[in-house]
Amino acid sequence: EMIILPGGMPGTKHLDASRTVDAALRSAFNTGAYIAAICAAPMVLGKRGYLQDKRAVCYPGFEEYLEGAVVTDARVECDGKIITSKGMGAALEFGLALVEVLCGKEKAEQIMGNCFSVLLILALCSVKSFSPNVVVLAGIAVGSVWTAATTILQFFATDVGLSAAVIWNFGDLGRAT
């Protein structure tokens, strides 16, 4: 099981204020599920004490909210069941870290090996219909955390029998899939 907090503003503030998100995070933390957050969203974890003595990163300027964390300069940090990332510029690494914990290092390396081909395809043409694997790679390649994370979960997590929750963050919150 995994919860992913996508970050951005003002959405991160909405995530932080949500009792639903708070309950979901508490449950995930207490049961040992993976919790991932990118951009400003790691502040939600820090304010709740989930980053205590964990290596973590966030969008520059939000470090003060990573209470108890060992803040690093990495683009992505995986420490136990907590995965954090700096932001959209690190979406590729973030997406691959999610694939690795859900489906294994081999699958992450397979996707990474195909990324350069996808970038070339995206640069050379505008194809409207992609296979699931290309959609995953395209989502990662264009830096869309939402596309990458949800597509990864839809196409790979189901293959290995995992359940996942992605908490959307479009300003009004409230939709989980």
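Just so it is clear, the model here is predicted, and its values are computed rather than measured.
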Practice task
Please answer: with hydrophobic residues joined when any side-chain heavy atoms are less than 4.5 Å apart, are Val57 and Ile4 in the same cluster?
Solution key: no
Counting only pairs under 3.5 Å, give me each side-chain donor-acceptor contact of residues 35-49, with atom names and distances, residues two or more places apart or in other chains.
| residue | atom | partner | partner atom | Å |
| --- | --- | --- | --- | --- |
| Lys47 | NZ | Asp16 | OD2 | 2.6 |
| Arg48 | NE | Asp22 | OD1 | 2.7 |
| Arg48 | NH1 | Asp16 | OD1 | 2.7 |
| Arg48 | NH1 | Val44 | O | 3.2 |
| Arg48 | NH2 | Asp16 | O | 2.7 |

Practice task
Return each pair, listed once, that meets salt bridge (Lys or Arg N to Asp or Glu O under 4.0 Å) where at least one residue sits in residues 61-73; pairs must be two or more places apart or across chains.
Solution key: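 Passing the test, one end in residues 61-73: no pairs.
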Handout entry: Step-by-step side-chain contact (heavy atoms from CB on, under 4.5 Å) determination, Gln110 to Glu106
Key = CA-CA 6 Å; Gln110 175 189 1; Glu106 185 176 315; 5.7 Å; no
Handout entry: Stepwise side-chain contact (heavy atoms from CB on, under 4.5 Å) test for Ile3 and Val21
Key = CA-CA 10 Å; Ile3 293 179; Val21 170; over 6 Å; no
Any side-chain to backbone donor/acceptor pair from [X] onto [Y]? Under 3.5 Å, distance only.
X	Y	value
Lys54	Ala69	no
Arg75	Glu93	no
Ser27	Ala23	no

Problem - Heavy-atom neighbours of Tyr59 OH exceed 12 at 6.0 Å - result: no
Exercise for the section: Drop me the distance from Leu5's CG to Ser85's OG, to the nearest 0.5 angstrom. Expected result: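 If I round to the nearest 0.5 Å, the distance is 12.5 Å.
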Practice task
Please collect all ring-ring contact (aromatic ring centres under 6.0 Å, His included) contacts where either partner lies in residues 28-54, sequence neighbours excluded, each pair once.
Solution key: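 Found Phe29-Tyr50.
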Exercise for the section: Taking the side chain as every heavy atom from C-beta outward, state whether Met9 and Lys13 have any pair of such atoms under 4.5 Å apart. Expected result: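 Yes; the side chains approach each other to less than 4.5 Å.
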Exercise for the section: Determine whether Tyr65 and Thr12 make a side-chain contact, defined as any pair of heavy atoms from C-beta on separated by less than 4.5 Å. Expected result: no
Handout entry: Minimal non-hydrogen separation, Leu96 against Ala108, with atom names
Key = CD2-O, 3.6 Å
Practice task
Verify whether one side chain among Glu77 and Thr84 offers a donor that lies under 3.5 Å from an acceptor in the other.
Solution key: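 Judged by distance alone, the side chains do not pair up.
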Exercise for the section: Take Met2 and Leu98, measure what side-chain contact (heavy atoms from CB on, under 4.5 Å) needs, and give me the verdict at the end. Expected result: CA-CA 9 Å; Met2 176 182 280; Leu98 300 181; 3.7 Å; yes
Practice task
With side-chain contact (heavy atoms from CB on, under 4.5 Å) as the test, would you mind laying out the steps for Val70 and Asp53 before giving the verdict?
Solution key: CA-CA 6 Å; Val70 177; Asp53 299 321; 5.6 Å; no
